[in-house]
Amino acid sequence: MQDIWHHIRSLMPMRDSARVACVSHAFLHSWRCHPNLTFSYTTFGLNTKAYGKDELAGVFYGKVDHILQRHSGIGVKKLKIQTGSHYSAKDSYYLNSWLQIAVTPGIEELTLMLCTMKAKYNFPYTLLSNGSGDSIQYLHLSSCSFHPTDALGPLRSLTRLHLNLVHITGDELGCFLSRSFALERLEVRYCDRIVCLKVPCLLQRLCYLEVFGCGRLKVINNEAPNLTSFQFEGDTTVQLSFGETLQMKKLNMYRSGAVFYARAELPSSMPNLEALTVSSRSEV
């Protein structure tokens, strides 16, 4: 019977589940094992205009800390933390504590969005080496630093990686990709420390690649053999090398010279292309 209640609670929105736990002791234990945790100003119904800057951050961090410190740390499947623009370096203590509690073996989705370009938080990649890396399927990091090393274990279940405004080098990303054999979607946006993006051939399942606004990027070298969709926005000087392109079906390109590139290169290099979108500010 207890398993049935746990299942019912897992299907409820987090706010509704918390309300039920407040009025029923019978549901309190299952609330402390709730598998889907989403923390944001919207989740808590916080009116940003009703608080001062520091007060708003204090209320948010207090609520999240109260919930996670009382969570069992068992059974978390999805964790999403979206802070406001008031994050500062001193708040790293809270983030480290929350991630230690919730990111455990069995977690499937992890989203950390700090919502400010000035965030100086170094995501602790070692969290993915304690067994959590075996189960995680979706990882989304925004506005933080991420520096994986060779010490990171294999990520056997990871199918989607989304990096936005993340401080990571091309070598560090390559190190991470070399452990992500099941990856199907790779999205890299505004990661300005990447100069060369190399997608290894071992990513046999990768079918979608998106690279947007990486200011220092010079080279994209894709060796994944089954890529079917590529979306790119960047400088015209970026060298694009796709390797095997017979599987390519959809291409979206936003950069100067895109029309010329499409006419001169694509008929021979991507003969099976079915959908093409190009946007160009200027043509030579």
*Are any non-hydrogen side-chain atoms of Leu139 and Leu128 less than 4.5 angstrom apart?*
yes

*Judged by atom type as modelled, is there a donor-acceptor pair below 3.5 Å linking the side chain of Ser135 to the main-chain atoms of Pro105?*
no

*Does any non-hydrogen side-chain atom of Val188 lie less than 4.5 Å from one of Cys214?*
yes

_Smallest separation among heavy atoms of Asn122 and Ser145, with atom names_ = OD1-O, 3.4 Å

*So, Phe60 versus Tyr41, ring centres under 6.0 angstrom or not?*
yes

_So if I apply the side-chain contact (heavy atoms from CB on, under 4.5 Å) rule between Phe176 and each of Asp171, Thr149, Leu155, which one comes out positive?_
Leu155

*Where is the tightest heavy-atom contact between Ser256 and Ser280, given as atom of each residue plus distance?*
CA-OG, 3.7 Å

*Shortest non-hydrogen contact from Asp192 to Gly213?*
OD1-O, 3.5 Å

*Between Phe146 and Phe123, how do the two ring planes meet: parallel, tilted or perpendicular, split at 30° and 60°?*
perpendicular

Can you list, pair by pair, the side-chain donor-acceptor contacts under 3.5 Å of residues 96-103, counting residues two or more places apart and other chains?
residue : atom : partner : partner atom : Å
Asn96   : OD1  : Tyr121  : OH           : 2.6
Asn96   : ND2  : Ser92   : O            : 3.3
Ser97   : OG   : Gln69   : NE2          : 3.2
Trp98   : NE1  : Asp65   : OD1          : 3.0

*Taking all non-hydrogen atoms of both residues into account, name the closest pair between Ile168 and Pro148 and its distance.*
CD1-CD, 4.2 Å

*Under 3.5 Å, side chain of Thr43 to main-chain N/O of Thr38, donor-acceptor pair present?*
yes

*Using a 4.5 Å cut-off on heavy atoms from C-beta on, say whether the side chain of Tyr208 contacts that of Gln231.*
yes

*Counting distance only, does the side-chain N/O of Asn221 pair as donor-acceptor with the main-chain N or O of Lys198 below 3.5 Å?*
no

*Are side-chain heavy atoms of Asn272 and Lys249 found at a separation under 4.5 Å?*
yes

Under 3.5 Å, which donor-acceptor pairs link side chains of residues 262-271 to any protein atom two or more places apart or in another chain?
residue : atom : partner : partner atom : Å
Ser268  : OG   : Glu265  : O            : 3.3
Ser269  : OG   : Glu265  : O            : 2.8

*Heavy atoms, side chains only, cut-off 4.5 Å: are Leu206 and Leu177 in contact?*
no

*For the side chain of Glu283 and the backbone of Ala258, is there at least one donor-acceptor N/O pair under 3.5 Å apart?*
yes

*Answer yes or no: is there a donor N or O on one side and an acceptor on the other, between the side chain of Arg255 and the main chain of Val238, under 3.5 Å?*
yes

*asked:* Which residue is it: Val211, Asn252, Leu251? I am looking for the one with a side-chain contact (heavy atoms from CB on, under 4.5 Å) to Phe232.
replied: Val211

*Please report the closest heavy-atom contact between Leu217 and Val219, naming both atoms and the distance.*
CD1-O, 3.5 Å

*Kindly indicate whether the side chain of Asp150, heavy atoms from C-beta on, has any atom under 4.5 Å from the side chain of Cys175.*
yes

*Under 3.5 Å, is there a donor-acceptor pair between the side chain of Thr169 and the main chain of Arg193?*
no

*Under 6.0 Å from the CZ atom of Phe242, do we count more than 12 heavy atoms belonging to anything else shown?*
yes

_4.5 Å side-chain heavy-atom contact, His162 and Glu210_ = no

_Run Ser129 and Thr126 through side chain to side chain donor-acceptor pair (under 3.5 Å) and show every step you take._
CA-CA 5 Å; Ser129 298; Thr126 53; over 6 Å; no

*asked:* For a 4.5 angstrom cut-off between non-hydrogen side-chain atoms, does Lys77 reach Asn36?
replied: yes

